[in-house]
Every structure is written in structure tokens, then in C-alpha cells.
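Structure first, commentary second.
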Amino acid sequence: MGKTIGEKRVRTEFNPSDDNAVSQIKQETAKLINKCEELKEKDPRLCALAQTAFEEAGMWAVKLATA
């Protein structure tokens, strides 16, 4: 089975420091992106905006975890 859209967008496999907090942030962010994908038919534009916002928030959270 291939990767989900969330796993692809947050690159869940990329964690060179093998940091548990980073892994957890990426997994949870991927879940939120995937949930939006499930609801996409309701409003594709809102789906895209939410997914982008979650992706950005995940990146900032990873930065925080590795600061």
C-alpha cells in the first residue's frame, strides 16, 4: 500500500535525528491532513486551505521540537 497524502506532504519517513517528538508531530499532522482529504468533496477549496495550514503548523512544530 502506498503512502497517504498526509504522509507524503509531511514526509513522515524523514527524521534524520530519529527524534520521537518529531515522529509524533509528523504522524498526527498526517492524520489531520488525511481527515481533510476524506471530507474534500464537501468543499475542495476549504480542504486545500486546511491541509496547507496543517502542513505549515507541522513544520513549525517540528522546528520547535528540534530547537
Quiz item: Roughly how far, to the nearest 0.5 Å, is CD of Q51 from CG of N34?
Solution: 8.0 Å
Quiz item: What closest approach, in Å, do V22 and A65 show between heavy atoms, and which atom pair accounts for it?
Solution: CG2-CB, 4.2 Å
Quiz item: Hey, what do you get for CZ (R9) to NZ (K3), rounding to the nearest 0.5 Å?
Solution: 15.5 Å
Quiz prompt | By side-chain hydrogen bond (donor to acceptor under 3.5 Å, both in side chains) - contacts of K35 (at least two apart) | solution = E38
Quiz item: What pairs of residues pass the salt bridge (charged side-chain N to carboxylate O under 4.0 Å, His left out) test when at least one of them lies in residues 41-52, not counting sequence neighbours?
Solution: none
Self-check item: Heavy-atom closest pair, residues A30 and T12
Solution: CB-CG2, 4.1 Å
Quiz item: Can you tell which of T29, T4, V62, I5 makes a side-chain contact (heavy atoms from CB on, under 4.5 Å) with V10?
Solution: T29
Quiz item: How many angstroms lie between NZ in K26 and CD in E13, if you round to the nearest 0.5 Å?
Solution: 7.0 Å
Quiz item: In Å and rounded to the nearest 0.5 Å, what is the CD to CD distance from E28 to Q24?
Solution: 6.5 Å
